[in-house]
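Notes to accompany the following structure.
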2 protein chains.
Amino acid sequence: MRAGRGDRATIVDVARAAEVSRQTVSNVVNSPHRVAPATRARVTAEIHRLGFRPNQAARSLKKERAGTWGVQLDTRTVGQLGSILDRFLVELTTRSAPRDHHILPFVAPDVADPMAAYQEILAGQLADGFVLTDTRYEDPRPAWLLDRQVPFAAFGRIWDDPAVTAWVDVDGAAGTEAAVRHLASEGYERIAFLGWPAGSAVGDDRREGWRRAVVALDVGDAEWAAESEQQLELAALAAAPLVEVVGSGGAIVCASDALALGAWRSLHERGLRPGLDIGLVGFDDSDIAEALDLTSLRQPITEVAEGILGLLAGEGWGGRLLTPPLVARGSSSRSGRVPTPAAITAGATYPAGDRTTTDGDKR
Amino acid sequence: MRAGRGDRATIVDVARAAEVSRQTVSNVVNSPHRVAPATRARVTAEIHRLGFRPNQAARSLKKERAGTWGVQLDTRTVGQLGSILDRFLVELTTRSAPRDHHILPFVAPDVADPMAAYQEILAGQLADGFVLTDTRYEDPRPAWLLDRQVPFAAFGRIWDDPAVTAWVDVDGAAGTEAAVRHLASEGYERIAFLGWPAGSAVGDDRREGWRRAVVALDVGDAEWAAESEQQLELAALAAAPLVEVVGSGGAIVCASDALALGAWRSLHERGLRPGLDIGLVGFDDSDIAEALDLTSLRQPITEVAEGILGLLAGEGWGGRLLTPPLVARGSSSRSGRVPTPAAITAGATYPAGDRTTTDGDKR
DNA sequence: CATAGGGATATGAACGTTCAAATCGCGGTT
DNA sequence: AACCGCGATTTGAACGTTCATATCCCTATG
């Protein structure tokens, strides 16, 4: 009668059925090599027959580990244009399973005390460690967690402390540099940059890549940069002078797909066509990039997730920068169609069209 | 030395410090009314001083409840244009906390056996119930869960069994109907519909609302409907004949923002302007709707999440249809700017511009 | 032939909490 | 004065697992 309970088998049920002790069943589950093959087979059979799975609470209580990694959902960025949170979360969830862990999403309601939520979770032994996202300058979290010897791994560099290597990040500078080289090789002659106001670590990094490449290839001026927040109108506004300055045959590299969309709109308002008239490259390769045929730098979410979970699980090494592959689409082709046969990448290669989606369902 | 452990206080530590028994501390936490005010104050003080939080594993073990609700992440829809998964997840996460629960996201890797993942979770007592999303015709999950008396609540009707009311849904028909009325009142004279192929419950529902309204107001023909999957190119293709049929001064209601974007593109290719020449209304009010100044029907995610968690917690009642408020933007204004002072809604009213975002950070 | 060694399996205890039942103290009732 | 009732608090047991240790039994070794 108790909801969801039913006939759940415990380790003792299995032990009785297989005529062994509970510890032997435990061993079959946790260290099979310790159990004689014949016994192991018998126990395994009973486990399957009874549908036994160790009770996570009991296991967690005894082992003093939660079997869970916490992930703070950043309520500021969620639902924003070009957010890749959902993809990242799916990757984390998928890849936690083989490591015998689950993902515990949480929000930090108290902006004044951002660590309170972490504190709560630790006090209740709800998570064994944390995945940090959106690291920034003066991020209080790494130091706080280090202090308490709580394991963590970040998507994004620990900007304040180069000694901490518990992170995996995307090499933004390499990305924007690749974008410039790509655009130059496509024949665009003047390449500007649309980024965020200085002071954001990620943004500064991406700008620097553009600057380096533009200087190296002599396809622009370090002054050809504009700034905007993520909002579309602001981005469109900020893009306007850049459009003027690079003119037809020029191009704009953007720090995000959202900014690129702003620029895209700015072009349209002037009757200019992305790609044909002015090249455009975004960053993140979010859903809109694909939708608007916008060339973008693809966040290697899968590899990032894998790397981070590896760090949390104590495998692998940190401090790694992954190069975001460039996904070439129409917005960086002067002929209007996807230019090079395959994407220009420094790492993995993605098919030019990148229409590898699993056939879409509704909603 | 053990990572993350440190000096975590247990209930006995608190009991000793406050000079009471463990059960009294437990009572202070779980049923404060049973404890004399003076004692309660003393215990509460010690709880705060020691930073005590009940160990979730121990609690869960004893109570035989996980303190968790499972949410399957649909890997087919995630990352798609206009996905609202991340917003929904944030709402669920936020609103689970006051109900003393957490959200357990999981994926079902085995497409052949979609219930395997649910089975696993139940067997391990990892969740007390499930939040279902993307319900459809012949969804195996409700029956399976009912069979096992596992609590669940769905975002989306249980289409196959009207007797089951463990759901909250958005009234798609009412939404598209409101869209038609809105467009008609804005002066659009011929209103078509771009939806998904028949057979998807959500899609059929949304189409029906359009059909009803168009007939009632005499602003269209039931034949003026086209079908497309979520992919942009296909949508643009499917929209083309509709554009022809309604012509300038006509409008198109779409079953999703992604489809609307397809239509939007189709308009642009013909040199037609959304709003000024042809009205356009999407569905979901996802990030792109806001970005492209696209009128859309807003999924009342907050209310849905609240309703669903209420059902899981045993409060409230199910079988509720929430009316999606229409968020009017430029794409449904013949003058090109947002028409009515406020959105036309049947429930909550949203500011016309709907720029109520919390100042955006990067990434 | 006794015994050491060691692989396979079993037993006792503990993780931290809550439930059920027992105990305590005290004012009110007969 | 003895007892009842009741609120406040305590005690014993149990949730299901794993760790540490103990036991068993068989083979190899001197």
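Numbered from 1 within each chain, the chains take letters A, B, ... in sequence-line order.
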Open item on the list: Without decimals, in angstroms, what is the distance between A:Gln56 CD and C:dC15 C1'?
Closed with: 14 Å

Open item on the list: Quick check: closest heavy atoms across B:Trp317 and B:Leu311, and the distance to 0.1 Å?
Closed with: C-CD2, 3.5 Å

Task: Value rounded to 0.5 Å, distance of CH2 in B:Trp167 from CZ in B:Arg157 - done: 5.5 Å

- [ ] Nearest whole angstrom, please: distance from the P of D:dT17 to the CZ of A:Arg16.
- [x] 12 Å

- [ ] Search all heavy atoms of B:Arg87 against all heavy atoms of A:Val78 and return the closest pair with its distance.
- [x] N-CG2, 4.3 Å

Task: Proximity to DNA chain C (any heavy atom under 4.0 Å), residues of residues 18-40 of chain B only - done: B:Arg22, B:Gln23, B:Ser26, B:Asn30

TODO: Calculate the interatomic distance between A:Ile11 atom CD1 and C:dT11 atom P; express it in whole Å.
DONE: 14 Å

Open item on the list: When you compare the side chain of A:Leu73 with that of A:Leu89, does any pair of heavy atoms fall below 4.5 Å?
Closed with: yes

Side-chain donor/acceptor pairs under 3.5 Å, residues 24-31 of chain A, sequence neighbours excluded:
{"from": "A:Thr24", "atom 1": "OG1", "to": "A:Ser21", "atom 2": "OG", "distance (Å)": "3.3"}
{"from": "A:Ser26", "atom 1": "OG", "to": "A:Asn30", "atom 2": "ND2", "distance (Å)": "3.3"}
{"from": "A:Asn27", "atom 1": "OD1", "to": "A:Gln23", "atom 2": "NE2", "distance (Å)": "3.3"}
{"from": "A:Asn27", "atom 1": "ND2", "to": "A:Gln23", "atom 2": "O", "distance (Å)": "3.4"}
{"from": "A:Asn30", "atom 1": "OD1", "to": "A:Arg59", "atom 2": "NH2", "distance (Å)": "2.9"}
{"from": "A:Asn30", "atom 1": "ND2", "to": "A:Ser26", "atom 2": "O", "distance (Å)": "3.1"}

Open item on the list: For A:Gln119, I'd like to know if atom CD has over 12 heavy atoms of other residues, nucleotides or ligands within 6.0 Å.
Closed with: yes

- [ ] Please test B:Glu91 against B:Arg95 for salt bridge (Lys or Arg N to Asp or Glu O under 4.0 Å), starting from the C-alpha separation and ending with a verdict.
- [x] CA-CA 6 Å; B:Glu91 289 298 334; B:Arg95 308 182 114 73; 2.8 Å; yes

TODO: Rounded to the nearest angstrom, tell me the gap between atom CG in A:Asp100 and atom P in D:dT18.
DONE: 11 Å

Open item on the list: Nearest whole Å is fine: how far is D:dA14 C1' from B:Arg59 CZ?
Closed with: 17 Å

TODO: Find the distance A:Glu64:CD to C:dG16:C1' and express it as a whole number of Å.
DONE: 10 Å

Task: First of A:Lys62 and B:Arg42 reached from the 5' end of DNA chain D, by closest nucleotide - done: B:Arg42

TODO: Let me know the distance between CG of A:Asn55 and P of D:dT18, rounded to the nearest Å.
DONE: 10 Å

Open item on the list: Checking contacts here: which listed nucleotide (D:dC19, C:dG16, D:dG16) is nearest the side-chain heavy atoms of A:Thr10?
Closed with: D:dG16

TODO: Find the runs of at least 3 consecutive base pairs, i with j, i+1 with j-1 and so on, that include DNA chain D, using Watson-Crick or G-U wobble geometry with both distances under 3.5 Å.
DONE: C:1-30 with D:1-30

Open item on the list: For A:Phe88 and A:Phe155, take the angle between the two ring planes, folded into 0 to 90°, and tell me which bin it lands in: parallel under 30, tilted 30 to 60, perpendicular over 60.
Closed with: tilted

Task: Atom-pair distance (CG on A:Leu61; P on C:dA13), nearest Å - done: 18 Å

TODO: Begin from the C-alpha positions of A:Arg99 and A:Glu306 and carry the test salt bridge (Lys or Arg N to Asp or Glu O under 4.0 Å) through to its verdict.
DONE: CA-CA 11 Å; A:Arg99 296 187 166 89; A:Glu306 183 67 20; 2.9 Å; yes

